[in-house]
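Residues take their numbers from the sequence shown, with the count starting at 1.
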Amino acid sequence: MSPALAKSIEKLNNEIEDNYHKGVKYLHESGIQKVPKKYIFPISERPNSYTINGNPQVTSKHNLKLPIIDFAQLYGPNRAQALDSLSYACENYGFFQLINHGISEEVIKSMVDVGGRFFDLPLVEREKYMTTDMTTPVRYGTSFNQTKDGVFCWRDFLKLVCDPLPQVLPHWPSSPSDFREMTVTYSKETKILFIKLVEAILESLGINVAAKNKTQQNDDDEEMLKEFEDGSQLMAVNFYPPCPNPDLTLGMPPHSDYGFLTLLLQDEVEGLQVKCNDDWVTIQPIPNAFVVNVGDHLEIFSNGKYKSVLHRVLVNSLKSRISVASLHSLPFNSIIKPSPKLISETNPSVYKDTNFAAFLEYLKSCDSTNKSFLETRKLT
């Protein structure tokens, strides 16, 4: 290679690296042959590495079979047994796969398809929604926390606030032409599923909000369920294009989810890893199943019984990956605290009260990876 050609290639690569804020799909389509420095993680944080006494080590990849919760069993004659399985999953794994959940295969495939077609739009269309303002009803961006990340992640995303729907819908993308229709259907059905799951989870904690008999259910229980019905929902459509050096970067860094429950829809491409017994293990996708995980709010609400667990995303060099995360919790203005029904002299509260405003302030000022925000909520 001539010096002039080498210099030309180096100049092109530098220009591409300078455009990292346009997202990783743009970088991929630009034909980069190596990961820009902005995306290279320290050795100890890379996908196949960990440290012992400060020395990098390599760990082998293996799969974890999460507990499988059959949603139909939660509303059948085996409900008591299904609730025990649900409690075990939330307490020991913080994750489970949900099958027979009642959302049709057509609705699921349509959501993945229309999400993929949004990312296929020209950059000039996608970047209309690019902003660092976390309070907007629609936000297109890249990495994890774009304004604070020292090292960027190999992910682009579209985040949609889903409530109140009549107010936020006009702000959602109008391209592809069926985007709003498909996404509204999906968001409504996942919200219904979330409410049913919350009823079961609360019952597994000994809070029977779904009791039909008024002698078993008091006004506080009814009010609690109403809060969840009026609660917040945020959808994140994530896109991970092929990466030339997947061993040097991550699709998302280790983090826990802020809300009460997350319902994750993923395509057939592996990528999600969960921290289990101090090791990172890959979750094998099950067609048409949801991966459901406990969020920080549920860990606080359960006073630490149910665990919000660290997870991250790997990328690969061959295939794009799409996932759709539907994050649910109480209304944005609600105070999140341990349930009074779970607090006693022998089981005192271990978390401070918190709210969404405190979380946003934390995001603006601090690193939001790992379980750092939840750690700030613990009582010493």
Task: Tyr39 and Trp154 aromatic ring geometry - parallel, tilted or perpendicular at 30°/60° bounds - done: perpendicular

Open item on the list: With a sphere of 6.0 Å drawn around OH of Tyr88, does it hold more than 12 non-hydrogen atoms of other residues, nucleotides or ligands?
Closed with: no

Task: Between Asn288 and His101: side-chain donor-acceptor atoms closer than 3.5 Å - done: no

- [ ] Indicate yes or no for a side-chain donor-acceptor contact from Lys34 to the backbone of Ile32 under 3.5 Å, with no hydrogens or angles considered.
- [x] no

Open item on the list: Are Leu265 and Val269 connected into the same hydrophobic cluster when the rule is that any two of I, L, V, M, F, W, Y join if their side-chain heavy atoms are below 4.5 Å apart?
Closed with: no

Task: Face-on cation placement of Lys191 at Phe194 ring, 6.0 Å and 45° thresholds - done: no

TODO: State whether a side-chain donor-acceptor pair under 3.5 Å links Asp133 with Thr131.
DONE: no

Task: Aromatic plane relationship, Tyr258 with His297 - under 30° parallel, 30 to 60° tilted, over 60° perpendicular - done: perpendicular

TODO: Just say parallel, tilted or perpendicular for the rings of Phe118 and Phe179, cut-offs at 30° and 60°.
DONE: tilted

- [ ] Hey, could you give me the OG/CD1 distance between Ser87 and Ile201, rounded to the nearest 0.5 Å?
- [x] 9.5 Å

- [ ] Evaluate the side-chain proximity of Thr190 to Phe290: yes if any heavy-atom separation is below 4.5 Å, no if none is.
- [x] yes

Open item on the list: Please say yes or no: joined through hydrophobic side-chain contacts below 4.5 Å, possibly via intermediate residues, are Leu169 and Met235 part of one cluster?
Closed with: yes

Open item on the list: Just so I know, are the side chains of Val161 and Val138 near enough to count as touching, which here means a heavy-atom distance under 4.5 Å?
Closed with: no

Task: Flag for Ser204-Tyr306: side-chain donor and acceptor within less than 3.5 Å - done: yes

Open item on the list: Any carboxylate oxygen within less than 4.0 angstrom of a Lys/Arg side-chain nitrogen, looking at Glu375 and Lys378?
Closed with: yes

Task: Other residues, nucleotides, ligands: >12 heavy atoms within 6.0 Å of Lys337 NZ - done: no

Open item on the list: Minimum heavy-atom separation for Leu310 and Ser256, please, with both atom names.
Closed with: CD2-N, 4.1 Å

Open item on the list: Nearest 0.5 Å, please: how far is CE in Met182 from CZ in Arg180?
Closed with: 13.5 Å

Task: Which atom of Ile40 lies closest to which atom of Val151, heavy atoms considered - done: O-CG1, 3.6 Å

Open item on the list: Do Tyr186 and Ile99 sit in one hydrophobic cluster, given that two such residues count as connected whenever their side-chain heavy atoms are within less than 4.5 Å of each other, even indirectly?
Closed with: no

Task: Short N-O contact, Lys128 and Glu125, less than 4.0 angstrom - done: yes

- [ ] Would you check if Lys188 and Leu165 make a side-chain contact, meaning some heavy-atom pair closer than 4.5 Å?
- [x] yes

TODO: Apply the test side-chain contact (heavy atoms from CB on, under 4.5 Å) to residues Leu379 and Val350: give CA-CA distance (whole Å), side-chain angles for both, the deciding distance (0.1 Å), then the verdict.
DONE: CA-CA 5 Å; Leu379 293 169; Val350 294; 5.6 Å; no

Open item on the list: For Lys352, is the NZ atom crowded, meaning more than 12 foreign heavy atoms sit under 6.0 Å from it?
Closed with: yes

Task: Qualifying residue for ring-ring contact (aromatic ring centres under 6.0 Å, His included) with His311, from Trp280, Tyr93, Phe95 - done: Phe95

Task: Pair Asn333-Asn355, side-chain donor/acceptor within less than 3.5 Å - done: no

- [ ] For Ser302 and Glu299, indicate whether the former's side chain and the latter's backbone hold a donor-acceptor pair under 3.5 Å.
- [x] yes

TODO: Following the transitive rule for hydrophobic clusters with a side-chain heavy-atom cut-off under 4.5 Å over Ile, Leu, Val, Met, Phe, Trp and Tyr, establish whether Ile192 and Leu74 coincide in one cluster.
DONE: no

- [ ] Would you confirm whether the ring centroid of His171 sits within less than 6.0 angstrom of the ring centroid of Tyr129?
- [x] no

Open item on the list: Closer than 4.0 angstrom, basic N to acidic O: yes or no for Asp113 and Arg117?
Closed with: yes

- [ ] Kindly indicate whether the side chain of Leu248, heavy atoms from C-beta on, has any atom under 4.5 Å from the side chain of Cys243.
- [x] no

TODO: Check the side chains of Ser187 and Gln233 for a donor-acceptor pair under 3.5 angstrom, ignoring hydrogens and angles.
DONE: no

TODO: Taking atom types as modelled, find out whether Tyr140 and Arg126 have a side-chain donor-acceptor pair closer than 3.5 angstrom.
DONE: yes

Open item on the list: With no hydrogens and no angle check, just 3.5 Å: does a side-chain donor-acceptor pair link His28 and Ser30?
Closed with: no

Open item on the list: Between Gln73 and Asn78, do the side chains contain a donor N or O and an acceptor N or O under 3.5 Å apart?
Closed with: yes

Open item on the list: Tell me whether the count of non-hydrogen atoms from other residues, nucleotides or ligands lying under 6.0 Å of CD in Glu29 goes above 12.
Closed with: yes

Task: Crowding at NZ, Lys22 (>12 non-hydrogen neighbours, <6.0 Å) - done: yes

Task: Glu270 and Thr282 side chains, donor-acceptor separation under 3.5 Å - done: no

TODO: Return yes if some donor-acceptor pair links the side-chain N/O of Asp267 with the main-chain N/O of Ile322 below 3.5 Å, else return no.
DONE: yes

- [ ] Let me know which of Asp296, Leu330, Ile207 forms a side-chain contact (heavy atoms from CB on, under 4.5 Å) with Phe301.
- [x] Ile207

Open item on the list: According to a hydrophobic-cluster definition based on side-chain heavy atoms being under 4.5 Å apart (Ile, Leu, Val, Met, Phe, Trp, Tyr only), do Ile286 and Leu98 belong together?
Closed with: no

